[in-house]
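Down below is the structure, laid out as structure tokens.
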Number of protein chains: 2
Amino acid sequence: MQGVTYSISQLAQEFDVTTRTIRFYEDQGLLEPQRDGQRRIYTRRDRVRLMLILRGKRIGLSLLEIRELFDLYDAASNDEPQLREFIRILSRKEQQLQEQLDDIRVVMGEISQIRSQCEKALGKQAASTP
Amino acid sequence: MQGVTYSISQLAQEFDVTTRTIRFYEDQGLLEPQRDGQRRIYTRRDRVRLMLILRGKRIGLSLLEIRELFDLYDAASNDEPQLREFIRILSRKEQQLQEQLDDIRVVMGEISQIRSQCEKALGKQAASTP
DNA sequence: ATTGACGTTGACGTAAACGTCAAGTTATTG
DNA sequence: CAATAACTTGACGTTTACGTCAACGTCAAT
């Protein structure tokens, strides 16, 4: 009835975070594993959540923002205004990401230029970016 | 002989940061304005540096990393190994940015999908992302 | 029964990037 | 000359995202 489960250190190893980190995410309301006595037991759902948390972090979301998205997503199935709010937040974040992406493009262009100049200053080397 | 200069609050206003922030950057060795008595005087070069700091921050560099780049760039004109090191760091950062950019693309794709689903769940609305 | 691996809670520490006073200096302007 | 504005240093506070350590529980293997 319960399918695959994981221990805290299994997840920690798989995703290359410490157990402290995983417990901290639970403190922040991002994970709610079941218990076997004292010990935490993580289901596939918890594992997916952890993946989402880490991906969220990689794109610059704070843990609080991630939590808000989780809460909204959990509540969204029932309530129409919730769904609308969810869409609104996603749109906003999509726009922020787009701006960030533009920033990155600009800087990468500049880096290429500077590098070309450096390599020219050193003479000899090819100029085009690998 | 000195061209245009700026006060701390002029720069703060122009770039929408606090004076505290600008002084903090100086503490961290990122800016070295001249003084008129006690007061800081910022040249065009300082202004450019501040721009670079803020842009660096936008793409996710720490102040420490920004400082290292400044130091390298300042020293690079003379020394060939320094130039090579500079190129190495820039390449590494370029790669990091590329990965971050890929992450962002993935998440934006997922956001589009989730949003479509939400809108489908609400019925009626158009499905394609603006 | 003890050792070792793994897990638990709780409290305190830390680094980055500033914010927030406090208390004083300098310049200018009415 | 006194008030006001703009600036200074210095010290302490704050938030986020964990790290570190202590002290203890639990279970399997020796």
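Being a predicted model, the structure only gives us computed values, none of them experimental. In what follows, chains carry the letters A, B, and so on, assigned in the order in which the sequence lines appear, proteins first and then strands, with residues in each chain numbered from 1.
OP1 or OP2 of D:dA6 has not a single side-chain nitrogen or oxygen of B:S7 nearer than 4.0 Å. Remark: A:R40 is in phosphate contact with C:dT8, judged by side-chain N or O atoms under 4.0 Å from OP1 or OP2. Side-chain N/O atoms of A:Y25 include one lying less than 4.0 angstrom from OP1 or OP2 on D:dC18. Distances shorter than 4.0 Å separate some side-chain N or O of B:S9 from OP1 or OP2 on D:dC7. For D:dT8, one of the phosphate oxygens OP1 or OP2 lies less than 4.0 angstrom from a side-chain nitrogen or oxygen of B:R23. For the pair A:T21 and D:dA17, the criterion of a side-chain N or O lying under 4.0 Å from OP1 or OP2 is not met. For A:R35 and C:dT9, the shortest distance from a side-chain N or O to OP1 or OP2 is below 4.0 Å.
Residue A:I8 places its side chain closer to C:dT8 than to any other of D:dC18, C:dA17, C:dT8. Here the nucleotide nearest the side chain of B:Q38, chosen from D:dC18, C:dT25, C:dC18, is C:dT25.
For the pair A:Q34 CD and C:dG7 P, the computed distance is 17 Å after rounding to whole Å. Rounded to an integer number of Å, the gap from B:E26 CD to C:dA17 P is 17 Å. Taking atom CG on B:L30 and atom P on C:dC18, their separation rounds to 10 Å, with Å as the unit. Distance B:L54 CG to C:dC18 C1': 13 Å, rounded to the nearest Å. Atom CG of B:D27 is separated from atom P of D:dA11 by 12 Å (rounded to the nearest Å). Remark: C1' of C:dG7 and OH of A:Y42 are 10 Å apart, rounded to the nearest angstrom. Look at CZ on B:F24: it is 10 Å from C1' on C:dA15, rounded to the nearest Å. Whole-Å rounding puts the A:Q28 CD to D:dC18 P distance at 10 Å.
Ionic pairing of A:R23 and A:D27 is not present here: no N-O contact between side-chain nitrogen and carboxylate oxygen is shorter than 4.0 angstrom.
Donor-acceptor pairing under 3.5 Å, judged by distance alone, is absent between the side chain of A:R39 and the base of C:dG7.
Between A:G3 and A:R44, the shortest heavy-atom distance links the atoms CA-NH1, 4.1 Å. Minimum heavy-atom separation, B:T18 to B:A12: C-CB, 4.1 Å.
With hydrogens and angles ignored, the 3.5 Å screen pairs no side-chain donor or acceptor of A:D74 with any backbone N or O of A:D71.
Residue contacts shown for B:T18 are limited to sugar-phosphate atoms, with no base heavy atom under 4.0 Å away.
A:I22 has its side chain within reach of A:Y42: a pair of non-hydrogen atoms, C-beta onward, lies under 4.5 Å apart.
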